[in-house]
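Report on the following structure.
Order of the sequence lines sets the chain letters (A, B, ...), proteins ahead of strands, with each chain counted from 1.
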Number of protein chains: 2
Amino acid sequence: MLYFKCKEESKGCEIMSEKKTKKEQSKIQSVARALNIVDILSSNSDGMSLAQISEKMELPKSTVYGLLATLRDFNYVSQDNESGYYLLGTRLFELGNQVARNWDIKDVAFPIMRKLNKQFGETVHLGAEDNGDMLYLEKLESDSLLDISSGVGLRLPMHCSGLGKVLLAEKSPAELKRYIIQKGLTPLTKRTITTQKELEKELARVRKQGYAIDDGEIMEGLRCVGAPIQDANGKVRYAISVSGHIKNMYGKRLDNIIHETIKAADEISKTMITR
Amino acid sequence: MLYFKCKEESKGCEIMSEKKTKKEQSKIQSVARALNIVDILSSNSDGMSLAQISEKMELPKSTVYGLLATLRDFNYVSQDNESGYYLLGTRLFELGNQVARNWDIKDVAFPIMRKLNKQFGETVHLGAEDNGDMLYLEKLESDSLLDISSGVGLRLPMHCSGLGKVLLAEKSPAELKRYIIQKGLTPLTKRTITTQKELEKELARVRKQGYAIDDGEIMEGLRCVGAPIQDANGKVRYAISVSGHIKNMYGKRLDNIIHETIKAADEISKTMITR
DNA sequence: TTAAAAATTCGATAATACCGAACGATAATG
DNA sequence: CATTATCGTTCGGTATTATCGAATTTTTAA
């Protein structure tokens, strides 16, 4: 399975420095440290030893030991039976799914997304903004084995995805500017929009059209159609997209996909409002 | 959508008292308290105010406030824009999916589960033991709209599910006894096995057959076939099941489902070992 | 407008998290 | 097999830091 470049390098993004400062100032030291451990473990799927963790955190082993013990009591981390390495625990899996279950959007969107998915055999995504990133809430895989895929629970920058552009298009000029300052316009491919001017123009088009196209801006060869969804209060807060290889996404078929994606998004919006 | 009775009442289970003691003894007080807040929020999908949380925890508001602020900095909790109520945050969603992604079993099992799901049009589950509970790792929904469903990330007792019985059957008599003492044999329906003797007999049958049947022991009218999966070391650690309404799960078709479920489980096992 | 309730800030206090050192256990090395 | 090195774990003194109650501010309700 192929992931986007960004994969586990949510670290890579420069904004982290700013975030980290905030976290370090955080009220309760020990809690912040404990959650930092979780962050560290989340970037090492093979697990880490106590020594490794305490080295990375630049804290004495005994300190980290206590924090880890507490996290383990709550099943936020588990230990590999043989190696004794620490891993993320099942409670996080449980909680993550609980969070997902609380979002009413998923129940509404799922069947409609499935219809879209079957209709075209392409990957269908549901996403929302979270702290200036696109967060993927749901994904239905393409039929094609060559599934160029993101993943549920992963983040991507907003300015280069169909989903993201749809949501950015809703922002006021001031909000947009803040977004750019905060997040930057990092290119993922040579097609990625990297200037404010270009982005503004693109977003104006999105607003006019009522949908957004990502044309290889995340990944070469990947084209994707995003359409906005309104929540129960009529505010655009989600989006769906259909993505596939360029060779399946052009001409008449693309027009059809655009039309059906918008239709599906509208259907979801309507259901969200009238429930 | 219908969930099992147990739904969000993971609280309901009496074992919690024992667990809580352990948690309260936990090394780092503030961390334990913070994670307790998460637990509390996870049982209130509508969110809670600071006052409510601090009341439930029997702690001063200012104490809880600091903990909440820290959790919020890490996006473990978020605040509803209007009400200001605290909710579980997106970071938990992110982490939960990360945990899932780290489990190699899912990648292997998914396509095979999908085949099973399409073949019979019934719900297919993947589960593992976690602290003496069945934890549902993956689920493919039935075609039928009347989908009697559990959910990914939810727990059920082991002694009454097809998945659970398959895994219990692997335990030594001593381990089984410990399970019973710790978890008890709580009935969910009048068909649920509630005595050690009966359970031992049932598990012997499961071992002999190589599969387990849950015949309305979780929910009246629900029948389900579970088969064991070995991990890369050859140890049975997972199971899959096919479940549906009794009216679709009997006679020749049931035999067929049993056969195919075992076949699928074996296929997954083989792939797990040879990779 | 006033009152009531909730959220947030503040500061003194001592409880508690922290750290370094010491101890076992286990693995690696000669 | 002996020795060293590494890792995880325990312990107790210390002062940092979480805690708590009261005061302040903000929001909501009347």
The side chain of [X] is closest to which nucleotide in this list: [options]?
X	options	value
A/Y65	D/dT9, C/dC19, C/dT9	D/dT9
A/P60	D/dC7, C/dG20, D/dT9	C/dG20
A/T63	C/dC19, D/dT10, D/dT9	C/dC19

**Message:** Taking the nucleotide of DNA chain D with the nearest heavy atom to each, does A/Q52 or A/R33 sit closer to the 5' end?
**Reply:**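 First, find each residue's nearest nucleotide; the 5'-ward one identifies A/Q52.
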**Prompt:** Hey, which of these two, B/K61 or A/G84, hits DNA chain D nearer its 5' end, going by closest nucleotide?
**Reply:**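 The residue whose closest nucleotide sits nearer the 5' end is A/G84.
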Measure from [atom1] on [X] to [atom2] on [N] and round the result to the nearest Å.
X	N	atom1	atom2	result
B/E55	C/dA7	CD	C1'	16 Å
B/L67	C/dA7	CG	P	15 Å
A/L68	C/dC18	CG	C1'	15 Å
B/I28	D/dT17	CD1	P	13 Å
B/K27	C/dC19	NZ	C1'	15 Å
B/E82	C/dA7	CD	P	15 Å
A/L50	C/dA27	CG	P	16 Å
A/I53	D/dC7	CD1	P	13 Å

**Request:** Determine: side-chain N/O of A/S62 to OP1/OP2 of C/dC18, distance under 4.0 Å, yes or no.
**Result:**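 No, no such contact exists.
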**Message:** Is the phosphate of C/dA17 approached by B/Q29 (side-chain N or O, under 4.0 Å from OP1 or OP2)?
**Reply:**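 So the side chain of B/Q29 is within the cut-off, an N or O lying under 4.0 Å from OP1 or OP2 of C/dA17.
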**Request:** Scan B/S30 against the nucleic acid and name what it touches under 4.0 Å (heavy atoms): base, sugar-phosphate only, or nothing.
**Result:**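 It contacts sugar-phosphate atoms only.
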**Message:** What's A/Y85 touching, base or sugar-phosphate or nothing? Going by heavy atoms closer than 4.0 Å.
**Reply:**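 The residue A/Y85 makes no contact with any strand.
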**Request:** Give a yes or no on whether a salt bridge exists between B/E94 and B/R91, defined as a side-chain N under 4.0 angstrom from a carboxylate O.
**Result:**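 Salt bridge: yes.
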**Item:** A/D133/A/K183 ion pair, N-O < 4.0 Å
**Value:**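 Looking at A/K183 together with A/D133, the answer is yes, because their closest N to O distance falls below 4.0 Å.
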**Asked** Of all heavy-atom pairs between A/V64 and A/I37, which one has the smallest distance, and what is that distance?
**Response**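 What the structure gives for the nearest pair is CG1-CD1, 4.0 Å.
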**Message:** Check the orientation of B/H125 and B/Y136. Use parallel for under 30°, tilted for 30 to 60°, and perpendicular for over 60°.
**Reply:**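 Rings of B/H125 and B/Y136: perpendicular, over 60°.
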**Message:** Side chains of B/D39 and B/S42: any donor to acceptor distance under 3.5 Å?
**Reply:**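 On atom types as modelled, these side chains do not qualify, holding no pair under 3.5 Å.
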